[in-house]
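First comes the structure, then the notes that go with it.
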2 protein chains.
Amino acid sequence: MLVGVEVDLATALVRLTHVVDHVFVDAGRANDLTPQQAQLLCLLTDGPIGMAELAKVLRLEKSSLSGLVDRVERRELVRRVRDESDRRACWVELTGQGTKIAVATHDEVTATLDALTADLPTVERTRLAAVLFRLASAHSGR
Amino acid sequence: MLVGVEVDLATALVRLTHVVDHVFVDAGRANDLTPQQAQLLCLLTDGPIGMAELAKVLRLEKSSLSGLVDRVERRELVRRVRDESDRRACWVELTGQGTKIAVATHDEVTATLDALTADLPTVERTRLAAVLFRLASAHSGR
DNA sequence: TATTGTTATACTCTATAACTATA
DNA sequence: TATAGTTATAGAGTATAACAATA
């Protein structure tokens with residue numbers, strides 16, 4: 001039954017998503033972060049990002065992002081840096097303390113997910129990564 | 001490089017999760033529901049569920065669940081039904097209107113995810129579903 | 001006493017609309 | 001005028017702790 005197969009894959013995606021969501025909840029909590037803060041800090045481990053791009057990546061309204069950044073800036077985990085070439089804009093970057101927490105959180109998320117997939121043969125894991133990347137990329141350009 | 005492969009799969013899982021999360025955001029919004037409400041209503045399409053089991057499945061504190069159910073009950077999308085065999089407990093079930101919205105939301109989520117995976121050959125899709133189910137199940141018994 | 005669920009409280013998260021500063 | 005970001009406001013989501021009702 002073709003329909004049955006399709007329903008199963010959608011359900012599998014939903015269930016897996018639920019699991020990964022809670023990997024973020026748990027990793028965040030272990031580092032005294034909300035899941036949203038954990039996600040933000042993990043993103044920033046690749047380097048400073050502008051507010052506009054952050055809002056796009058996180059799919060948040062700019063005002064929602066302002067508040068999210070406010071709360072982690074208040075805890076001195078990130079700082080806003082004015083863009084000198086366009087003084088309306090600013091970059092968000094990790095502080096020293098923020099980097100420590102961000103890396104610890106990112107490592108914990110990665111370790112948990114790696115453990116989750118440890119049973120898969122290497123070949124399967126490689127193929128799985130490729131397929132999932134393709135699915136995620138196909139939709140991100142919405 | 002083995003490490004590189006592992007990092008990629010973890011990253012792929014995170015990115016895919018982000019996409020699926022927003023499928024729920026969008027499907028919920030189209031039906032005037034928050035993502036959490038959409039998730040709750042979709043679960044209830046399989047039939048009434050007790051508060052204790054709902055809290056476990058959604059991984060919420062019982063007080064958080066009380067509030068979530070309050071807000072959809074206030075909109076008459078669900079109702080609480082006392083369990084006659086244990087009068088401390090109650091079941092949560094969809095109302096007629098709630099069923100309509102829940103099914104519409106569930107269908108939209110499923111349709112979007114099916115569209116996302118439509119390019120995959122049937123064989124690949126079947127195998128993917130099996131692998132993802134296994135990953136999700138392995139972790140749910142935490 | 002133990003368990004099921006609610007209430008009280010304090011935050012965080014989010015969107016919409018109005019605003020400020022810069023371009 | 002247009003754009004980048006903030007502020008004001010309102011409501012939803014969440015956890016902890018204390019509570020009520022039932023077992």
Side-chain angles (χ1 to χ4, degrees), chain A residues 18 21-22 24-43 48-75 77-93 101 105, chain B residues 18 21-22 24-43 48-75 77-93 101 105:
Chain A
H18 195 223
D21 278 338
H22 280 284
F24 263 93
V25 172
D26 294 340
R29 183 167 307 173
N31 291 283
D32 196 27
L33 298 172
T34 65
Q36 293 85 356
Q37 293 169 356
Q39 197 186 7
L40 172 59
L41 263 66
C42 285
L43 274 179
I49 314 183
M51 291 290 283
E53 188 181 342
L54 267 181
K56 197 176 120 200
V57 172
L58 296 172
R59 295 192 45 161
L60 290 176
E61 288 300 319
K62 52 190 181 178
S63 63
S64 305
L65 180 61
S66 274
L68 183 57
V69 172
D70 281 349
R71 289 183 290 274
V72 285
E73 189 171 37
R74 204 178 304 143
R75 290 177 54 192
L77 301 180
V78 308
R79 71 174 73 87
R80 285 166 164 97
V81 181
R82 276 275 158 234
D83 181 333
E84 290 306 325
S85 70
D86 180 349
R87 296 178 45 72
R88 295 171 301 183
C90 66
W91 297 82
V92 182
E93 69 177 18
I101 294 182
T105 304
Chain B
H18 195 224
D21 277 339
H22 279 284
F24 262 94
V25 171
D26 293 341
R29 185 168 304 173
N31 290 284
D32 196 26
L33 298 173
T34 66
Q36 292 86 352
Q37 292 169 356
Q39 196 185 10
L40 172 60
L41 263 64
C42 285
L43 274 178
I49 313 183
M51 291 290 283
E53 189 182 342
L54 267 181
K56 196 175 117 199
V57 172
L58 295 172
R59 297 192 43 164
L60 289 176
E61 288 300 317
K62 53 192 181 177
S63 62
S64 305
L65 180 61
S66 274
L68 182 57
V69 172
D70 281 349
R71 289 182 291 273
V72 284
E73 189 172 36
R74 202 178 303 143
R75 290 175 54 191
L77 301 180
V78 308
R79 72 173 74 86
R80 285 168 164 97
V81 181
R82 275 276 157 233
D83 181 332
E84 289 306 325
S85 71
D86 180 349
R87 297 178 45 72
R88 295 170 302 182
C90 67
W91 298 84
V92 182
E93 68 177 18
I101 294 181
T105 304

Requested in this report: Mark yes or no for a side-chain to base donor-acceptor pair under 3.5 Å between Ser63(B) and dT16(D), with no hydrogen or angle criteria applied.
Outcome: yes
Query raised in the report: Is a salt bridge present between Asp21(A) and Arg59(B), judged by a nitrogen-to-oxygen distance below 4.0 Å?
Result: no
Query raised in the report: With a non-hydrogen cut-off below 4.0 angstrom, is Arg82(A) in contact with a base, only sugar-phosphate, or nothing?
Result: nothing
Requested in this report: Report the distance from atom CG of Leu33(B) to atom OG1 of Thr105(B), rounding to the nearest 0.5 Å.
Outcome: 5.0 Å
Query raised in the report: Considering the terminal five base pairs at each end of the helix from dT1(C)-dA23(D) to dA23(C)-dT1(D), what angle separates the two local helix axes, rounded to 10°?
Result: 10°
Query raised in the report: Looking only at side-chain N and O atoms, does Gln37(B) come under 4.0 Å of OP1 or OP2 in dG13(D)?
Result: yes
Query raised in the report: For Glu61(A), which contact category applies under a 4.0 Å heavy-atom criterion: base, sugar-phosphate, or nothing?
Result: base
Query - Leu68(B) vs Lys62(B), nearer the 5' end of DNA chain D by closest nucleotide - result: Leu68(B)
Report summary line: Among dG13(D), dA23(D), dG5(D), the one nearest any side-chain atom of Arg87(B) is dA23(D)
Report summary line: To the nearest 0.5 Å, atom CG of Leu40(B) lies from atom CD of Gln36(B) at 10.0 Å
Query raised in the report: Once you round to the nearest 0.5 Å, how far does CZ of Arg71(B) lie from CZ of Arg75(B)?
Result: 11.0 Å
Report summary line: Rounding to 0.5 Å, atoms CD (Gln37(A)) and CG (Asp32(A)) come to a distance of 8.0 Å
Query - Nearest-nucleotide 5' precedence on DNA chain C, Trp91(B) against Asp86(A) - result: Trp91(B)
**Report entry** Integer-rounded Å distance: dA15(D) P and Gln36(A) CD
**Finding:** 11 Å
Query raised in the report: How is Asp83(B) classified with respect to the nucleic acid when contacts are heavy atoms under 4.0 Å: base, sugar-phosphate, or nothing?
Result: nothing
Requested in this report: Give the rounded distance in Å between these two atoms: CG of Leu65(A) and P of dT3(D).
Outcome: 19 Å
**Report entry** Nearest heavy atoms of Ala38(A) and Gly28(A), plus distance in Å
**Finding:** CB-CA, 4.0 Å
Query raised in the report: Could you give the distance from CG (Leu60(A)) to CG (Leu65(A)), rounded to the nearest 0.5 Å?
Result: 6.0 Å
Requested in this report: Shoot me the first and last contacting nucleotide of DNA chain C against chain A, ordered 5' to 3', at under 4.0 angstrom to non-hydrogen atoms.
Outcome: dT12(C) to dA23(C)
**Report entry** Spacing of Met51(B) atom CE relative to dA20(D) atom C1', expressed in whole Å
**Finding:** 15 Å
**Report entry** Distance in angstrom units between Glu53(A) CD and dA4(D) P, rounded
**Finding:** 13 Å
Query raised in the report: Nearest-Å distance, CZ (Arg71(B)) to P (dG11(D))?
Result: 13 Å
**Report entry** Verdict with supporting geometry, Met51(A) and Lys62(A), side-chain contact (heavy atoms from CB on, under 4.5 Å)
**Finding:** CA-CA 8 Å; Met51(A) 291 290 283; Lys62(A) 52 190 181 178; over 6 Å; no
Query - Spacing between Leu33(A) atom CG and dT14(D) atom P, to the nearest angstrom - result: 17 Å
Report task. Look up atom CG in Leu58(B) and atom CD in Gln39(B), then write down how far apart they are to the nearest 0.5 Å. Result -> 5.5 Å
Query raised in the report: Which heavy atom of Cys90(A) sits nearest a heavy atom of Arg82(A), and at what distance?
Result: CB-NH1, 4.0 Å
Report task. Scan Thr34(B) against the nucleic acid and name what it touches under 4.0 Å (heavy atoms): base, sugar-phosphate only, or nothing. Result -> sugar-phosphate
